[in-house]
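Heads up, the thing below is written out as structure tokens.
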2 protein chains.
Amino acid sequence: MKSKRKTTIKDIANVLKITPSAVSRALNDNPRISDKTKEAVKKVALELEYQPNQLASALRSGKSNLVGVIVPKTNSYFFSTVVESIENELNKEGYNVIITQSNESYKKECRNIQTLLQTQVDGIIASLANETVDFSHYEKIKSKGIPLILYDRGENDIGVDYIGIDDYESSHLVVEHLVEQGCKRIAHLAGLSQARIYKNRIRGYVDALEKHNLPLDTDLIKESNLTLEDGRKKTKELLRLPNRPDAIYAAGDYAALGALQILQENNIKVPEEIALVGFSNEPFTSLIKPTITTISQHNKKIGKLVAKQFLKRVNDKNWKPVLTKTILKAELIIRDSSKKI
Amino acid sequence: MKSKRKTTIKDIANVLKITPSAVSRALNDNPRISDKTKEAVKKVALELEYQPNQLASALRSGKSNLVGVIVPKTNSYFFSTVVESIENELNKEGYNVIITQSNESYKKECRNIQTLLQTQVDGIIASLANETVDFSHYEKIKSKGIPLILYDRGENDIGVDYIGIDDYESSHLVVEHLVEQGCKRIAHLAGLSQARIYKNRIRGYVDALEKHNLPLDTDLIKESNLTLEDGRKKTKELLRLPNRPDAIYAAGDYAALGALQILQENNIKVPEEIALVGFSNEPFTSLIKPTITTISQHNKKIGKLVAKQFLKRVNDKNWKPVLTKTILKAELIIRDSSKKI
DNA sequence: AAATATTGTTCAATCGTTTGAACAAAGTAC
DNA sequence: GTACTTTGTTCAAACGATTGAACAATATTT
């Protein structure tokens, strides 16, 4: 027969004929408690299979040791590895991670925040849904006084810590590479320009063209939600242009895949006739034929930095939200889809 | 200036000159409270931006309204859609979902459970890591008296609710289809036979062969961890056989993709020379060339059923863990990789 | 009009832990 | 031997809600 009720510090106290407070302090390694008592307490705790009630502890101390992570989509290699890395880092420090997904929906994102705040998380780590253009729901987090860290999809206006890659620079890497391969008419399947990261990729693309003395043809920029389907659609449009591009740079791997499908369906050789570059280094980019050139965002490192930043904030009493940015240099992974030479 | 401290029911009580208990009951729609009071309370709650402290409520009532979900890998279409569906269903009922990933590691799975129990979740929904062969850590959940529901990767020995698809039958579907396409030597990239679901797929495969009067050649069964790399390796082995298979049925889509790569690298036509079938209906199976025939596991439905089962259990006072199984019929999605005719 | 039922609210305990302050005992200083 | 530290522990009040029981006020029955 298993023990009915859970053991509490009271039970331990009873066994040892000391008070619950002494037990509590002993378990928390309070310097005022003698080593002898500490040992005894820990031994009994083990024997009684004592499991601290985090709720009670959280209630009293005001710390839940829970961190909420909001992910646009767990079903993405990038996000799932970032989260994994955040988890690893925070678990070490005794924090547990609650993952919620917004599914790229603004409404769900609001609900997520509401939920996390109700759960009394000690902080929130978030990446914005594509839909999100209004940020007032994030003010709630700030006004609660708990740390808020944004990653990948951030926004200056929220004025908090942000960790991500240099999207502007990434576009330069891509364009430079394509120019080296001899491309002259580089199209861009751009992300929704409302989001900062996609805006930066577009800026980078435009500036890089100029840098390499290539004319800017706005017909070659197609704004897209970067899904596979939309990638197909926008690529079809590109192919209908009187003057076809000789390279396509998609701001997302799925859109790149859509493009690849259309090109292959039209018997256009990749990379010989049209070179192709994606973004994010989703696993499939290295799995298909041809393998797709793409940008790696240092997933693990981002997660680690995010976690570290959170820890820094949460351990810093009287800290105020402030805009900081940690920008990582992205890495261009050159594969077959763009190797003309 | 924002309000410093959080508003509590006490604050509301003070404003209205009633007691906190009345406020609590008003907010929880207790029939003993007059409609007038209820309205007044709710109005003030809104004005003061009252946010119930779930911790306190959980501590007192013994209900955290948190449900832990353990996923082997979030980075899988199957799991991420199942989780999404669980989330949707449980959110409706006021439960919040904590997702943790085991990353297919037994040790991490143990830690996950520990973590979730400490967080005082009201129940746990889990799918076993591939590594897991010892189940004692699940006993802890059972002995706590909270519901435990397994999905997809389950195990009879744990003796709790299980929801998944009919793996045995699925193999029959696959073999039958391949036989119809004229295949005579069907190889099986099997999952690790320690796991029940893979064992069942193997049994189904063996029995189906017999049913169709095909000889069983154990050389054609390759046990694998079903990663892309291992899929490649085991396929190479298959190709080295004196008597090659004319079809490969992989118990996982990634392994199937590995197989496809090897076949293509060896200029073996799929499906003409060797037909290929995967398992799980990962999105990429419909994205590559040729599209891969696979088994759909009704992801959404599984999630929904899991959630419903949890709700049933959690709402049933004096319920005891008991083995039940809800087995869904899987669906064969026929695509190019197996269409010989 | 007394007895009873109904309604609306308050009282006080409680969930399991933490924590500031109080206190006792022992050790050190002068 | 009195005064002051140091050490180890206890006391009691929190944290913010819920909840059974008690109570008062009003309504209903007889």
Side-chain angles (χ1 to χ4, degrees), chain A residues 3-42 44-45 48-66 94 117-120 122 144-145, chain B residues 3-42 44-45 48-66 94 117-122 144-146:
Chain A
S3 59
K4 229 8 339 121
R5 251 182 54 266
K6 281 175 287 210
T7 46
T8 71
I9 47 170
K10 246 185 197 160
D11 300 322
I12 303 181
N14 281 338
V15 173
L16 293 169
K17 309 270 182 233
I18 54 176
T19 59
S21 8
V23 174
S24 169
R25 287 194 236 261
L27 291 171
N28 291 316
D29 258 341
N30 187 302
R32 303 290 293 269
I33 298 290
S34 65
D35 289 347
K36 210 185 75 198
T37 312
K38 278 183 191 169
E39 255 177 63
V41 165
K42 280 171 190 170
V44 176
L48 298 184
E49 293 186 352
Y50 169 71
Q51 279 239 4
N53 183 328
Q54 296 231 325
L55 291 181
S57 151
L59 175 57
R60 179 62 239 254
S61 64
K63 274 206 69 181
S64 64
N65 285 310
L66 252 34
L117 290 181
Q118 264 182 33
T119 316
Q120 313 286 129
D122 288 344
K144 271 242 179 179
Chain B
S3 57
K4 216 59 288 136
R5 253 185 51 268
K6 280 176 287 208
T7 46
T8 71
I9 47 168
K10 244 184 197 163
D11 301 322
I12 302 180
N14 281 338
V15 173
L16 293 169
K17 309 268 181 238
I18 54 176
T19 59
S21 11
V23 174
S24 169
R25 287 193 236 262
L27 290 172
N28 291 315
D29 258 341
N30 186 303
R32 303 290 292 270
I33 300 290
S34 66
D35 289 346
K36 208 184 76 200
T37 312
K38 278 185 191 168
E39 254 177 63
V41 166
K42 281 172 189 167
V44 176
L48 297 184
E49 294 186 350
Y50 169 71
Q51 280 239 1
N53 182 328
Q54 297 232 325
L55 292 180
S57 148
L59 176 58
R60 179 62 238 258
S61 62
K63 275 205 69 181
S64 64
N65 284 311
L66 251 35
L117 289 181
Q118 262 182 36
T119 316
Q120 314 287 128
V121 292
D122 288 345
K144 271 242 179 178
I146 60 173

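Everything numeric here is computed off the predicted structure, so don't read it as measured data. Computed from heavy atoms alone, side chains included, the values below leave out hydrogens, waters and symmetry copies. First the proteins, then the strands, lettered A, B, ... as listed; each starts at 1.
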Find the distance B/Gln120:CD to C/dC15:P and express it as a whole number of Å.
14 Å
For A/Leu55 and D/dA17, what is the distance between atoms CG and C1' respectively, to the nearest whole Å?
12 Å
From NZ of A/Lys63 across to C1' of C/dT17 the rounded distance in Å is 15 Å
Please give, in whole Å, the distance from D/dT9 C1' to A/Leu16 CG?
13 Å
A/Leu27 CG to A/Ile12 CD1 distance, which is reported to the nearest 0.5 Å:
5.5 Å
Is the base of D/dT18 touched by the side chain of B/Arg60 through a donor-acceptor pair closer than 3.5 angstrom?
yes
Would you check if there is a donor-acceptor pair between the side chains of A/Ser21 and A/Ser24 at a distance under 3.5 Å?
no
Look up atom CD in A/Gln54 and atom NZ in A/Lys63, then write down how far apart they are to the nearest 0.5 Å.
10.5 Å
In whole angstroms, the gap separating P of C/dG16 from CG of A/Leu27 amounts to 15 Å
Within this structure, what is the CG-to-P distance between B/Asn14 and C/dT9, rounded to whole angstrom?
16 Å
Shortest side-chain distance from A/Arg32, nucleotide among C/dT9, D/dT7, C/dG16
D/dT7
So which one's nearest nucleotide on DNA chain D is more toward 5', A/Ile33 or B/Tyr50?
A/Ile33
Among C/dT17, C/dG8, D/dT18, the nucleotide that comes nearest once only the side chain of B/Ser61 is considered:
D/dT18
In whole angstroms, the gap separating C1' of D/dT7 from CG of A/Asp35 amounts to 12 Å
Within the structure provided, determine whether A/Val44 and A/Leu48 are in side-chain contact (heavy-atom separation under 4.5 Å).
yes
Positive for side chain to side chain contact (heavy atoms under 4.5 Å, CB included) with B/Ile18, one of B/Asn14, B/Val15, B/Leu16
B/Leu16
Sorted by number, residues from residues 17-25 of chain A placing a heavy atom under 4.0 Å from DNA chain C are A/Ser21, A/Ser24, A/Arg25
Measure from NZ on B/Lys10 to P on C/dT10 and round the result to the nearest Å.
15 Å
Side chain of A/Leu59 only, heavy atoms from C-beta on: which candidate in C/dT18, D/dC15, C/dC15 is closest?
D/dC15
Salt bridge or not between A/Lys42 and A/Asp35? Use side-chain N to carboxylate O under 4.0 Å.
no
Assess whether a salt bridge exists between A/Asp122 and A/Lys144, defined as any Lys/Arg side-chain N lying under 4.0 Å from an Asp/Glu carboxylate O.
no
Would one find a side-chain N or O of B/Asn53 under 4.0 angstrom from OP1 or OP2 of D/dC15?
no
